[in-house]
Student: 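The structure follows.
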2 protein chains.
Amino acid sequence: MAKMFKALGDPIRLRLLSLIAAHPDGEVCVCDLTGLFDVAAPTISYHLKHLREAGLVDHDRRGTWVYYRPVRERIHRLSLLLASSDLAVPAP
Amino acid sequence: MAKMFKALGDPIRLRLLSLIAAHPDGEVCVCDLTGLFDVAAPTISYHLKHLREAGLVDHDRRGTWVYYRPVRERIHRLSLLLASSDLAVPAP
DNA sequence: CTCATAGTTAGACAGATGTCAAAATAAAGT
DNA sequence: ACTTTATTTTGACATCTGTCTAACTATGAG
């Protein structure tokens with residue numbers, strides 16, 4: 001669980017996941033992501049790998065391009081943990 | 001936002017927040033926390049400071065003891081971000 | 001005032017993390 | 001086959017993190 005939160009604990013990765021999850025097609029080509037950040041392509045690749053290893057995104061290659069999509073069930077589980085009465089219900 | 005996730009990205013801190021948030025009294029004395037972990041007291045102090053600086057917990061001193069409580073509004077906000085349609089709604 | 005207890009801060013250190021340039025791999029076009 | 005484009009891997013490096021012990025601060029008891 002901590003591993004997933006850790007993956008979200010970097011500004012670039014958090015934004016990457018938002019971009020991937022918000023895309024209308026349900027997936028995003030890496031080529032459309034690299035241009036949006038101030039860091040070089042290998043660094044984006046490094047962060048995508050982190051998100052992958054945390055189980056928050058999935059990827060597959062089609063031709064020369066690689067597409068990433070969110071693993072919504074995993075993201076949802078995080079949200080539930082934070083929303084659980086133990087953690088987030090505002091005191092009555 | 002990433003700062004809050006980062007704070008949760010360590011197993012000790014995640015467990016600390018759970019313990020603090022789950023306590024029936026709504027707050028926990030540090031003295032009741034240190035014994036529950038395998039690390040020395042200063043390390044717990046270090047992690048509590050992290051949670052504090054991320055705005056996830058609040059603290060105050062009463063006599064010799066220091067009590068921590070969750071900032072549920074902040075935790076809730078994280079949960080909402082993950083639950084927002086962009087991120088976590090399972091595809092229909 | 002001194003002492004004991006609870007907690008934090010300071011300093012040191014090994015190991016993890018984020019970044020880049022350069023090299024490697026993958027696939028498609030000529 | 002060779003080239004070009006897209007992406008990942010590698011190796012190097014500086015910085016950040018988590019941990020400890022030792023020293024410090026704060027409070028209450030005797």
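In what follows, chains are A, B, ... by sequence order, proteins preceding strands, each numbered from 1.
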Student: How long is the line joining CZ of A:R62 and P of D:dT7, in whole Å?
Tutor: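 For the pair A:R62 CZ and D:dT7 P, the rounded distance is 12 Å.
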
Student: How close or far is atom P of C:dT5 from atom CG of B:D32, stated in whole angstroms?
Tutor: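 It works out to 17 Å between those atoms.
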
Student: How close or far is atom P of D:dT19 from atom NE2 of B:H50, stated in whole angstroms?
Tutor: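 Distance check: B:H50 NE2 to D:dT19 P gives 10 Å.
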
Student: Please state whether the phosphate of D:dT19, meaning OP1 or OP2, lies under 4.0 angstrom from any side-chain nitrogen or oxygen of B:T43.
Tutor: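 For D:dT19, neither OP1 nor OP2 has a side-chain N or O of B:T43 closer than 4.0 Å.
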
Student: Would you tell me if any nitrogen or oxygen in the side chain of A:H47 comes within less than 4.0 Å of OP1 or OP2 on C:dT17?
Tutor: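 The answer is no; no side-chain N or O of A:H47 sits under 4.0 Å from OP1 or OP2.
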
Student: What residue pairs, at least two apart or across chains, pass side-chain hydrogen bond (donor to acceptor under 3.5 Å, both in side chains) with a residue in residues 4-16 of chain A?
Tutor: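 For residues 4-16 of chain A, and leaving out neighbouring residues, the side-chain hydrogen bond (donor to acceptor under 3.5 Å, both in side chains) pairs sorted by first residue read A:R13-A:H47.
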
Student: How close or far is atom C1' of D:dA6 from atom CG of A:L33, stated in whole angstroms?
Tutor: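 Rounded to the whole Å, the gap is 13 Å.
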
Student: Please determine whether a side-chain nitrogen or oxygen atom of B:Y68 lies at a distance below 4.0 Å from atom OP1 or OP2 of C:dT8.
Tutor: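 Checking B:Y68 against C:dT8: at least one side-chain N or O falls below 4.0 Å of OP1 or OP2.
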
Student: Looking at the side chain of B:Y46, which of C:dT19, D:dG18, D:dT7 is the nearest nucleotide?
Tutor: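 Nearest to the side chain of B:Y46 among the choices is D:dG18.
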
Student: Just so I know, are the side chains of B:L51 and B:L56 near enough to count as touching, which here means a heavy-atom distance under 4.5 Å?
Tutor: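 Yes, close enough: below the 4.5 Å cut-off.
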
Student: In this structure, how many angstroms lie between the P atom of D:dG18 and the CZ atom of B:R15, rounded?
Tutor: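 After rounding, the gap between these two atoms is 17 Å.
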
Student: What I'd like to find out is whether the side chain of A:L80 reaches to under 4.5 Å of the side chain of B:L82, using heavy atoms alone.
Tutor: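 No; the side chains remain at least 4.5 Å from each other.
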
Student: Given side-chain contact (heavy atoms from CB on, under 4.5 Å), test A:D32 with A:Y67 step by step and report yes or no.
Tutor: CA-CA 10 Å; A:D32 290 327; A:Y67 296 86; over 6 Å; no

Student: Which whole-number value in Å describes the distance from A:K49 NZ to C:dT17 P?
Tutor: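 It works out to 12 Å between those atoms.
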
Student: Evaluate side-chain contact (heavy atoms from CB on, under 4.5 Å) for B:L78 paired with B:L8, printing each intermediate quantity in order.
Tutor: CA-CA 11 Å; B:L78 278 191; B:L8 297 177; 3.8 Å; yes

Student: Looking at D:dT8, C:dT8, C:dA6, which one has an atom nearest to any side-chain atom of A:V66?
Tutor: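 Given the options D:dT8, C:dT8, C:dA6, the side chain of A:V66 is closest to D:dT8.
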
Student: So which nucleotide from D:dA26, D:dT7, D:dT8 ends up closest to the side chain of B:R61?
Tutor: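 Among D:dA26, D:dT7, D:dT8, the one nearest the side chain of B:R61 is D:dA26.
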
Student: What's the closest nucleotide to the A:A41 side chain, out of D:dT8, D:dT19, C:dG7?
Tutor: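 In terms of side-chain proximity for A:A41, the closest of D:dT8, D:dT19, C:dG7 is D:dT8.
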
Student: Report the end-to-end axis angle of the helix from C:dC1-D:dG30 to C:dT30-D:dA1; each axis comes from five terminal pairs, and the value is rounded to 10°.
Tutor: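 Answer rounded to 10°: the end axes differ by 10°.
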
Student: Are A:L48 and A:I20 packed together at the side-chain level, in the sense that at least one heavy-atom pair is separated by less than 4.5 angstrom?
Tutor: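 They are in side-chain contact.
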
Student: OP1 or OP2 of C:dA27 sitting under 4.0 Å from any side-chain N/O of A:T64?
Tutor: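 The answer is no; no side-chain N or O of A:T64 sits under 4.0 Å from OP1 or OP2.
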
Student: Nearest whole angstrom, please: distance from the C1' of C:dC20 to the CD1 of A:I44.
Tutor: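 Taking atom C1' of C:dC20 as the reference, CD1 of A:I44 is at 13 Å.
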
Student: Within the structure, does a side-chain N or O atom of B:K6 lie under 4.0 Å from either OP1 or OP2 of D:dT17?
Tutor: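 B:K6 to D:dT17 OP1/OP2: side-chain N or O found under 4.0 Å.
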
Student: Using side-chain contact (heavy atoms from CB on, under 4.5 Å), reason through B:D58 and B:Y68 one step at a time and then give a plain yes or no.
Tutor: CA-CA 6 Å; B:D58 211 350; B:Y68 278 79; over 6 Å; no

Student: Between D:dT9, C:dG7, C:dT8, which nucleotide gets closest to the side-chain atoms of B:P42?
Tutor: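 Nucleotide nearest to B:P42's side chain: C:dT8.
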
Student: Is any side-chain N of the basic residue among B:D60 and B:R69 closer than 4.0 Å to the acidic one's carboxylate O?
Tutor: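 Looking at B:R69 together with B:D60, the answer is yes, because their closest N to O distance falls below 4.0 Å.
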
Student: Of all the choices, D:dT7, D:dC20, C:dT9, which nucleotide is nearest to the side chain of A:V30 once you look at every atom?
Tutor: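 The answer is D:dT7.
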
Student: Rounded to the Å, how far apart are A:R52 CZ and D:dT9 P?
Tutor: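 Nearest whole value for this atom pair: 6 Å.
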
